[in-house]
Amino acid sequence: MAVYQIVELGDQILREKAKPVPKVTDNIRKLLNNLADTLREANGVGLAAPQIGVSKRVVVVDVGEGLIELVNPEISERQGEDTDSEGCLSIPGVYGEVSRAARVVVKALDRNGEVIKVEGTGLLARALQHEIDHLDGILFVDKATKLERK
Ligand code: NI
(Lines give C-alpha, C1' and ligand atoms only; values in the text may rest on other atoms or scores of the structure.)
Protein backbone atom coordinates (compact mmCIF):
# COMPACT_ATOMS: atom_id res chain seq x y z
CA MET A 1 0.00 0.00 0.00
CA ALA A 2 1.49 3.28 -1.07
CA VAL A 3 -0.68 6.32 -0.72
CA TYR A 4 0.77 9.48 -2.25
CA GLN A 5 0.06 13.09 -1.53
CA ILE A 6 -2.09 14.48 -4.34
CA VAL A 7 -0.55 17.42 -6.19
CA GLU A 8 -2.77 20.49 -6.13
CA LEU A 9 -3.59 23.32 -8.53
CA GLY A 10 -0.62 25.66 -8.93
CA ASP A 11 1.94 22.87 -9.32
CA GLN A 12 3.51 23.05 -12.79
CA ILE A 13 3.36 19.26 -13.31
CA LEU A 14 -0.43 19.49 -13.67
CA ARG A 15 0.11 21.72 -16.72
CA GLU A 16 2.69 19.58 -18.48
CA LYS A 17 2.00 17.19 -21.32
CA ALA A 18 2.73 13.78 -19.77
CA LYS A 19 5.15 11.44 -21.54
CA PRO A 20 3.98 8.30 -23.35
CA VAL A 21 5.03 5.00 -21.77
CA PRO A 22 7.33 3.16 -24.20
CA LYS A 23 6.93 -0.21 -22.47
CA VAL A 24 4.77 -1.48 -19.61
CA THR A 25 7.38 -2.51 -17.06
CA ASP A 26 7.27 -3.45 -13.36
CA ASN A 27 7.79 0.24 -12.58
CA ILE A 28 4.61 1.09 -14.50
CA ARG A 29 2.72 -1.69 -12.69
CA LYS A 30 3.95 -0.23 -9.40
CA LEU A 31 2.75 3.22 -10.55
CA LEU A 32 -0.69 1.71 -11.34
CA ASN A 33 -0.80 0.18 -7.83
CA ASN A 34 0.16 3.49 -6.22
CA LEU A 35 -2.48 5.35 -8.23
CA ALA A 36 -5.16 2.83 -7.20
CA ASP A 37 -4.15 3.02 -3.51
CA THR A 38 -4.15 6.82 -3.59
CA LEU A 39 -7.50 6.95 -5.44
CA ARG A 40 -9.15 4.65 -2.89
CA GLU A 41 -7.77 6.59 0.06
CA ALA A 42 -9.09 9.82 -1.47
CA ASN A 43 -12.49 8.30 -2.32
CA GLY A 44 -12.20 9.56 -5.87
CA VAL A 45 -13.43 8.20 -9.20
CA GLY A 46 -10.24 8.77 -11.17
CA LEU A 47 -6.61 9.72 -10.84
CA ALA A 48 -3.88 10.51 -13.37
CA ALA A 49 -0.15 9.96 -12.77
CA PRO A 50 0.74 13.70 -12.88
CA GLN A 51 -1.53 14.10 -9.83
CA ILE A 52 0.95 12.06 -7.80
CA GLY A 53 3.93 13.84 -9.33
CA VAL A 54 4.70 11.45 -12.22
CA SER A 55 4.51 12.95 -15.70
CA LYS A 56 3.60 9.74 -17.55
CA ARG A 57 0.49 8.80 -19.55
CA VAL A 58 -1.05 6.49 -16.95
CA VAL A 59 -4.49 6.79 -15.30
CA VAL A 60 -6.85 4.78 -13.12
CA VAL A 61 -10.63 5.14 -13.02
CA ASP A 62 -13.16 3.53 -10.69
CA VAL A 63 -16.75 4.72 -10.83
CA GLY A 64 -17.92 1.86 -8.63
CA GLU A 65 -17.87 -0.79 -11.35
CA GLY A 66 -14.32 -1.98 -10.69
CA LEU A 67 -10.88 -0.52 -11.25
CA ILE A 68 -9.85 0.39 -14.80
CA GLU A 69 -6.11 0.80 -15.44
CA LEU A 70 -5.02 2.61 -18.59
CA VAL A 71 -1.57 3.19 -20.03
CA ASN A 72 -1.23 5.61 -22.99
CA PRO A 73 -5.02 6.04 -23.23
CA GLU A 74 -6.48 7.67 -26.33
CA ILE A 75 -10.08 8.45 -27.13
CA SER A 76 -10.93 6.64 -30.36
CA GLU A 77 -14.67 7.41 -30.52
CA ARG A 78 -16.87 10.17 -29.12
CA GLN A 79 -20.63 10.46 -29.30
CA GLY A 80 -23.21 12.93 -28.12
CA GLU A 81 -22.90 15.56 -25.45
CA ASP A 82 -23.66 15.68 -21.77
CA THR A 83 -23.25 18.46 -19.22
CA ASP A 84 -22.90 17.64 -15.54
CA SER A 85 -21.18 18.70 -12.33
CA GLU A 86 -17.51 17.81 -11.97
CA GLY A 87 -14.70 18.17 -9.46
CA CYS A 88 -11.05 17.14 -9.17
CA LEU A 89 -8.91 15.75 -6.35
CA SER A 90 -6.24 18.33 -7.29
CA ILE A 91 -8.72 21.21 -6.85
CA PRO A 92 -10.49 20.28 -3.61
CA GLY A 93 -13.83 21.87 -2.83
CA VAL A 94 -14.36 23.35 -6.29
CA TYR A 95 -17.12 22.16 -8.62
CA GLY A 96 -18.42 23.24 -11.98
CA GLU A 97 -20.52 22.19 -14.94
CA VAL A 98 -18.52 20.60 -17.75
CA SER A 99 -19.79 19.61 -21.15
CA ARG A 100 -18.29 16.30 -22.36
CA ALA A 101 -19.01 13.59 -24.90
CA ALA A 102 -21.83 11.37 -23.62
CA ARG A 103 -20.11 8.20 -24.80
CA VAL A 104 -16.47 7.48 -25.51
CA VAL A 105 -14.35 4.52 -26.51
CA VAL A 106 -10.81 4.60 -25.16
CA LYS A 107 -7.96 2.59 -26.56
CA ALA A 108 -5.05 1.91 -24.19
CA LEU A 109 -2.61 -0.67 -22.89
CA ASP A 110 -3.38 -2.70 -19.78
CA ARG A 111 -0.87 -3.66 -17.05
CA ASN A 112 0.40 -6.50 -19.24
CA GLY A 113 1.02 -4.26 -22.22
CA GLU A 114 -1.99 -5.69 -24.10
CA VAL A 115 -4.18 -3.38 -26.18
CA ILE A 116 -7.60 -2.89 -24.62
CA LYS A 117 -10.71 -0.90 -25.51
CA VAL A 118 -12.95 0.56 -22.83
CA GLU A 119 -16.38 1.92 -23.66
CA GLY A 120 -18.01 4.33 -21.27
CA THR A 121 -21.22 6.29 -20.92
CA GLY A 122 -22.49 8.49 -18.09
CA LEU A 123 -20.06 8.96 -15.20
CA LEU A 124 -17.52 6.55 -16.70
CA ALA A 125 -17.37 8.53 -19.96
CA ARG A 126 -16.93 11.73 -17.96
CA ALA A 127 -14.20 10.28 -15.74
CA LEU A 128 -12.27 8.87 -18.71
CA GLN A 129 -12.30 12.24 -20.49
CA HIS A 130 -11.37 14.13 -17.31
CA GLU A 131 -8.38 11.85 -16.58
CA ILE A 132 -7.12 11.86 -20.17
CA ASP A 133 -7.30 15.68 -20.12
CA HIS A 134 -4.92 15.58 -17.12
CA LEU A 135 -2.32 13.90 -19.35
CA ASP A 136 -2.43 16.92 -21.64
CA GLY A 137 -2.17 19.45 -18.82
CA ILE A 138 -5.87 20.32 -19.06
CA LEU A 139 -7.91 20.79 -15.87
CA PHE A 140 -11.69 20.76 -15.57
CA VAL A 141 -11.71 24.38 -14.42
CA ASP A 142 -10.43 25.31 -17.91
CA LYS A 143 -13.69 24.00 -19.38
CA ALA A 144 -16.19 24.53 -16.58
CA THR A 145 -19.00 27.00 -16.26
CA LYS A 146 -20.78 27.91 -13.02
CA LEU A 147 -17.70 27.22 -10.91
CA GLU A 148 -18.40 27.23 -7.21
CA ARG A 149 -16.67 26.44 -3.95
CA LYS A 150 -18.42 24.00 -1.62
NI1 NI B 1 -8.85 15.64 -11.85
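Note that the structure is a prediction, hence the values are computed from the model and not measured. Both counts, for ligands and for their atoms, begin at 1 and track the order of listing.
A side-chain N or O of Glu81 and one of Ser99 form a donor-acceptor pair less than 3.5 Å apart.
Asp133 pairs by the side chain to side chain contact (heavy atoms under 4.5 Å, CB included) definition with Arg100, Ile138, Lys143, not counting sequence neighbours.
Around the Ni ion (ligand 1), protein N, O or S atoms at less than 2.8 Å comprise Cys88 SG, His130 NE2, His134 NE2.
Put simply, CD on Glu97 and CD on Glu148 are 8.5 Å apart, with the number rounded to the nearest 0.5 Å.
Ion pairing of Asp136 with Arg57 is present here, as a side-chain N (NZ or NE/NH1/NH2) and a carboxylate O approach within less than 4.0 Å.
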Donor-acceptor pairs under 3.5 Å, side chain of residues 64-75 to any protein atom, not counting sequence neighbours: which ones?
{"residue": "Glu69", "atom": "OE1", "partner": "Arg111", "partner atom": "NE", "Å": "2.9"}
{"residue": "Glu69", "atom": "OE2", "partner": "Arg111", "partner atom": "NH2", "Å": "2.9"}
{"residue": "Asn72", "atom": "OD1", "partner": "Val21", "partner atom": "N", "Å": "2.8"}
{"residue": "Asn72", "atom": "ND2", "partner": "Val21", "partner atom": "O", "Å": "2.9"}

Using a 3.5 Å cut-off and no angle test, enumerate the donor-acceptor pairs between side-chain atoms of residues 40-56 and protein atoms at least two apart in sequence or in another chain.
{"residue": "Gln51", "atom": "OE1", "partner": "Ala48", "partner atom": "N", "Å": "2.9"}
{"residue": "Gln51", "atom": "NE2", "partner": "Ser90", "partner atom": "OG", "Å": "2.9"}

